Amino acid sequence: QEQLVESGGGLVQAGGSLRLSCAASVTFFSRRTMGWYRQAPGKQRELVARITSDLSTNYVDSVKGRFTISRDNAKKMVYLQMNSLKPEDTAVYYCNPEGLPVWGQGTQVTVSS
């Protein structure tokens, strides 16, 4: 019954911002490291950001300084604030609890130049 629902994607121009949300109906949410992944056409899925139970964060180099991952344990939500978006950020974005093979349908982010 574990479920992940991503939302907040859309079409934006380069330099714009989006805030992605993930409703994570997973057990022991507050104890889990949560990650945001993305997959662009013709490319492998990559981890772009992660946040641990103690709020430590990590980002792939390409998004450092532009993206911010956060979480709300009471709401079992994970967010990805994306600023200064670039065309290369275009992808389907997914959230995932680390170590669990549970995936949602993702949310499309398209950045035009």
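Predicted model only: the values in this text are computed from it and were never measured. All residue numbers in this chain count up from 1 along the given sequence.
- Follow the hydrophobic side-chain contacts under 4.5 Å out from Leu55 and you reach Val63 in the same cluster.
- Contact between Val26 and Pro97 at its shortest, heavy atoms only, is CG1-CG, 4.3 Å.
- Scanning for side-chain contact (heavy atoms from CB on, under 4.5 Å) contacts around Ser84 gives Arg66, with sequence neighbours left out.
- Residues passing the ring pair (Phe, Tyr, Trp, His ring centres under 6.0 Å) test with Phe67, sequence neighbours excluded: none.
- Take Ser113 and apply the side-chain contact (heavy atoms from CB on, under 4.5 Å) test, not counting sequence neighbours, and it matches Pro87.
- Side-chain contact between Thr90 and Gln108 is present, with at least one heavy-atom pair separated by less than 4.5 Å.
- To the nearest 0.5 angstrom, Cys95 atom SG is 4.0 Å from Glu6 atom CD.
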Side-chain donor-acceptor contacts of residues 11-24 below 3.5 Å, not counting sequence neighbours, with atom names and distances?
from	atom 1	to	atom 2	distance (Å)
Ser17	OG	Asn83	OD1	2.9

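- A donor-acceptor pair under 3.5 Å is absent between the side-chain atoms of Thr57 and the main chain of Ile51, judged by distance alone.
- Under the salt bridge (charged side-chain N to carboxylate O under 4.0 Å, His left out) criterion, the residue pairs touching residues 92-102 are Arg50-Glu98, with sequence neighbours excluded.
- Every residue two or more places apart in sequence or in another chain was checked for a salt bridge (Lys or Arg N to Asp or Glu O under 4.0 Å) with Arg32, and none qualifies.
- Under a cut-off of 6.0 angstrom, the local environment of CD in Gln105 is sparse, with at most 12 non-hydrogen atoms contributed by other residues, nucleotides or ligands.
- Residue pairs satisfying the ring pair (Phe, Tyr, Trp, His ring centres under 6.0 Å) criterion with at least one member in residues 82-113, sequence neighbours excluded, are listed as follows: Tyr37-Trp103.
- In this structure, Val60 and Leu47 have side chains that are not in contact, with every pair of non-hydrogen atoms separated by 4.5 Å or more.
- Counting only residues at least two apart or in different chains, salt bridge (charged side-chain N to carboxylate O under 4.0 Å, His left out) contacts with residues 33-44 comprise Arg38-Glu46, Arg38-Asp89.
- With Val78 as the partner, the side chain to side chain contact (heavy atoms under 4.5 Å, CB included) test is satisfied by one option alone out of Asn96, Asn73, Ile69: Ile69.
- Under the 3.5 Å distance criterion, with hydrogens and angles disregarded, a donor-acceptor pair is assigned to the side chains of Thr27 and Glu2.
- Both Leu100 and Val48 are assigned to one and the same hydrophobic cluster, defined by single-linkage of ILVMFWY side chains at heavy-atom distances under 4.5 Å.
- A salt bridge (charged side-chain N to carboxylate O under 4.0 Å, His left out) check over residues 69-78, counting only residues at least two apart or in different chains, returns nothing.
- Under the rule for a salt bridge (Lys or Arg N to Asp or Glu O under 4.0 Å), Glu88 has no partner lying at least two apart in sequence or in another chain.
- No continuous path of ILVMFWY side-chain contacts below 4.5 Å connects Tyr79 to Phe29, so the two sit in separate hydrophobic clusters.
- One hydrophobic cluster, built from ILVMFWY side chains closer than 4.5 Å, holds both Met34 and Val109.
- Here Thr52 pairs with Asp54 under the side chain to side chain donor-acceptor pair (under 3.5 Å) rule; sequence neighbours left out.
- Under the salt bridge (Lys or Arg N to Asp or Glu O under 4.0 Å) criterion, Asp61 pairs with Lys64, not counting sequence neighbours.
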